Trainee: 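Okay, handing you the structure first.
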Amino acid sequence: MLLPTEIKLGIVGLGRLGKIHADNLVRNVPGCRLIAACSVVPEELTFAKNSLQVTELYSSYDEMLASSSIDGVVIVSPSGFHVEQITKAIRKKLHVFCEKPIGLDIPEIEKVVDLIQEHPKQIFMLGFMRRYDDSYRYAKKLVDQGNIGELSVIRCYGIDPSSGMESFVKFAKASNSGGLFADMSIHDIDLVRWFSKTEVKKVWALGKNAAYPELDEVGELETGAAMLELQDKTIALVVAGRNAAHGYHVETELIGTKGMVRIANVPEKNLVTIYDEHGAIRPTSQDFPERFKQAFISEMNEFVACIREKRQPEVTPLDGLEATKVAAACKNSWQTNQLIDL
Ligand code: NAI
């Protein structure tokens, strides 16, 4: 039975990440009820009905918005739909959680950011979940307290497991991810802005398809790197890839005038070390759902808490716009081999 105080939510997109968000909303986020789900894949709607007891199932987003009595929507559809779906939900007076990136086209994102800002009573949250990861939050506190002094360098690695390559090639053919920098480095770009509290001034990016030249055919990059200069001269190096043999490698290092902080130096799975004929082995996390399990739960709890407490989250729509501008500049730099000023 739906309690009168429960926030009623709908979700669009029940793919790789949508299923995780839906499951968290049902099992790990008190104070809300997932009553509606929308997907163009019938099996995913059956999953929502049978495994999550979602009662309202839609194959059309417009129909979900028109027919359901939801208070908010969680958008986990392919990135190319985000701007349109946010716009429709905001106009319908709904609260919105949207996965990253906020959109793929800068002028369209600027318009949707204006629209969101014209509706300050509706909560808008973007899925930069690393900001809700316990280790990143701990490191952020250290940096903000001045423990490592003034930042000089930020180094970020975000490399997907090679085991996901086959499904990625399928994903890339079916829908536009925005490219390596908008799809993956966007998290690292957000971390650079979050830790430094400074905007990016210049970027220079490079890329190489060594292990998977077939990615050339879909205009995608397997490995890319960007050097960023921030407005206060802090240097950031962002490496993104889709070919980590050992698992899911997300690592960040901050170098300051008084010390250094590293987050997930080795992307450890747990506290186990295996000693065998290969030596001492530390098992590593294998994919984003495993590494950021806690962060995905915490960010969704924050979204619902923001709705209940009538306050906006720390991560803003402008963070989405600025990070996307930097990612677009990286893509431009890679394609033109030019240093790009923002
Ligand atoms: P996916 O391709 O696995 O799933 C997409 C889902 O959207 C499917 O359920 C599909 O039925 C649905 N869909 C497609 N077109 C639709 C339409 N016109 N109307 C309604 N539903 C539609 O995609 P995945 O990997 O789950 O990614 C979804 C979003 O989440 C992307 O924007 C991606 O960038 C983001 N993402 C974020 C991650 C993070 O680390 N925060 C990790 C993975 C994805």
Side-chain angles (χ1 to χ4, degrees), residues 10-24 36-48 52 54 57-66 68 73-86 88-89 96-105 109 125-133 136 156 158-161 164-191 220 240 242 248-250 285-300 303 315 319-320 323-324 327:
I11 191 165
V12 56
L14 288 167
R16 283 189 318 159
L17 182 53
K19 277 200 185 76
I20 294 169
H21 282 320
D23 193 72
N24 283 335
C38 170
S39 164
V40 292
V41 179
E43 298 77 38
E44 293 177 356
L45 292 177
T46 309
F47 157 82
L52 303 177
V54 177
L57 306 168
Y58 300 92
S59 57
S60 148
Y61 180 69
D62 290 354
E63 215 176 287
M64 178 168 84
L65 293 200
S68 185
V73 67
V74 172
I75 299 174
V76 207
S77 54
S79 307
F81 292 108
H82 292 182
V83 164
E84 184 193 332
Q85 292 178 341
I86 296 168
K88 287 178 174 168
V96 177
F97 174 96
C98 182
E99 256 314 319
K100 54 53 60 177
I102 187 168
L104 297 177
D105 176 73
I109 299 172
M125 183 160 170
L126 195 62
F128 282 144
M129 81 296 183
R130 290 193 200 167
R131 293 190 186 209
Y132 297 89
D133 175 74
Y136 278 99
C156 306
I159 311 178
D160 266 353
M165 183 55 74
E166 203 178 308
S167 87
F168 174 73
V169 174
K170 230 166 61 197
F171 170 77
K173 278 184 185 150
S175 66
N176 181 6
S177 74
L180 185 73
F181 298 109
D183 189 30
M184 296 195 48
S185 304
I186 195 108
H187 284 298
D188 292 312
I189 295 166
D190 182 56
L191 290 180
E220 284 281 356
R242 306 192 186 278
Y248 178 65
H249 194 117
V250 169
S285 61
Q286 292 302 300
D287 48 32
F288 70 82
E290 182 182 3
R291 167 64 181 89
F292 288 109
K293 186 172 193 284
Q294 166 267 315
F296 285 126
I297 295 172
S298 295
E299 71 171 354
M300 217 39 93
F303 176 55
V315 52
D319 290 322
T324 312

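When a ligand or atom number is given, it counts from 1 through the structure's own listing order. What you see is a predicted model; the values in this text were computed from it and never measured.
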Trainee: Apply side chain to side chain contact (heavy atoms under 4.5 Å, CB included) to the pair F296 and L17, showing each step before the final yes or no.
Mentor: CA-CA 10 Å; F296 285 126; L17 182 53; 3.8 Å; yes
Trainee: Suppose I only count heavy atoms of G13 and a 4.0 Å limit; which atoms of ligand 1 are within that range?
Mentor: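 Counting from 1, the qualifying ligand atoms are 6 (C), 7 (O), 9 (O), 12 (C).
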Trainee: Excluding sequence neighbours, so at least two apart, what forms salt bridge (Lys or Arg N to Asp or Glu O under 4.0 Å) with D287?
Mentor: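 For D287 there are no salt bridge (Lys or Arg N to Asp or Glu O under 4.0 Å) partners, ignoring immediate neighbours.
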Trainee: Does an N or O from Y61, backbone or side chain, lie closer than 3.5 Å to an N or O of ligand 1?
Mentor: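 There is no such contact.
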Trainee: Using heavy-atom distances, let me know which of H82, K100, E84 sits nearest atom 34 (O) of ligand 1.
Mentor: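 Among H82, K100, E84, the closest heavy atom to atom 34 (O) of ligand 1 comes from K100.
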Trainee: Check each heavy atom of E44 against ligand 1 and say whether those closer than 4.0 Å belong to the side chain, the backbone, both or neither.
Mentor: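 Side chain only.
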Trainee: To the closest 0.5 Å, what do you measure between SG (C38) and CD (E63)?
Mentor: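 If I round to the nearest 0.5 Å, the distance is 8.5 Å.
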Trainee: For the residue pair D188 and R130, what are the closest heavy atoms and their distance?
Mentor: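 Smallest interatomic distance, heavy atoms only, reads OD1-NH1, 2.6 Å.
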Trainee: State, to 0.1 Å, how close C98 and I86 come at their nearest heavy-atom pair, and which atoms those are.
Mentor: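 For C98 versus I86, the nearest heavy atoms are SG-CD1, 3.8 Å.
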Trainee: In terms of atom number and element, which parts of ligand 1 are under 4.0 angstrom from non-hydrogen atoms of V41?
Mentor: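 So the atoms of ligand 1 that pass are 11 (O).
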Trainee: If you measure every N/O of M129 against every N/O of ligand 1, is any gap under 3.5 Å?
Mentor: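 Such a contact does not occur with ligand 1.
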Trainee: For V12, counting its heavy atoms only, list the atoms of ligand 1 lying under 4.0 Å from any of them.
Mentor: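 With V12 as reference, the close atoms of ligand 1 come out as 20 (C), 21 (N).
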Trainee: Determine yes or no for a side-chain-to-main-chain donor-acceptor pair under 3.5 angstrom, with S298 supplying the side chain and Q294 the backbone.
Mentor: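 Checking the backbone N and O of Q294 against the side chain of S298, a donor-acceptor pair under 3.5 Å is found.
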Trainee: Give the atom numbers and elements of ligand 1 that come within less than 4.0 Å of a heavy atom of G127.
Mentor: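 The atoms of ligand 1 under 4.0 Å from a heavy atom of G127 are 41 (N).
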Trainee: Of all the atoms in ligand 1, which lie at a distance below 4.0 Å from a heavy atom belonging to L14?
Mentor: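 So the answer, numbered in order with elements, is 6 (C), 8 (C), 9 (O).
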Trainee: Give the atom numbers and elements of ligand 1 that come within less than 4.0 Å of a heavy atom of F288.
Mentor: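 Every atom of ligand 1 under 4.0 Å from some heavy atom of F288: 42 (C), 43 (C).
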Trainee: Just by modelled atom types, is the I75 backbone N or O under 3.5 Å from a matching donor or acceptor in the H82 side chain?
Mentor: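 Checked: no pair found.
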Trainee: Which pair of heavy atoms, one from R291 and one from S285, lies closest together, and at what distance?
Mentor: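 Smallest heavy-atom distance, with atoms named: CB-OG, 3.8 Å.
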Trainee: Short N/O distance, under 3.5 Å, between V76 and ligand 1?
Mentor: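 Min N/O separation from ligand 1 is not below 3.5 Å for V76.
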Trainee: Going by ring pair (Phe, Tyr, Trp, His ring centres under 6.0 Å), name the residues that satisfy it together with F303, two or more places apart in sequence or in a different chain.
Mentor: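 Ring pair (Phe, Tyr, Trp, His ring centres under 6.0 Å) list for F303, sorted by chain: F97.
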Trainee: Which atoms of ligand 1 are found less than 4.0 Å from any heavy atom of S79?
Mentor: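 Answer for ligand 1: 31 (C), 32 (O), 34 (O).
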Trainee: Which of the numbered atoms in ligand 1 are under 4.0 angstrom from any heavy atom belonging to D183?
Mentor: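 Contacts of ligand 1 toward D183, numbered from 1: 34 (O).
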Trainee: Return a yes/no value for L17: is any of its N or O atoms, backbone included, closer than 3.5 angstrom to an N or O of ligand 1?
Mentor: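 By distance alone, the answer is yes.
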Trainee: Does Y61 reach the main-chain N or O of Q85 with its side chain, forming a donor-acceptor pair under 3.5 Å?
Mentor: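 Yes.
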Trainee: Minimum distance, heavy atoms only, to atom 29 (C) of ligand 1: which one of G164, C38, S77 is it?
Mentor: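 Among G164, C38, S77, the closest heavy atom to atom 29 (C) of ligand 1 belongs to S77.
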Trainee: Determine, using heavy atoms of F81 and all atoms of ligand 1, whether some pair is separated by less than 4.0 Å.
Mentor: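 Under 4.0 Å: yes for F81.
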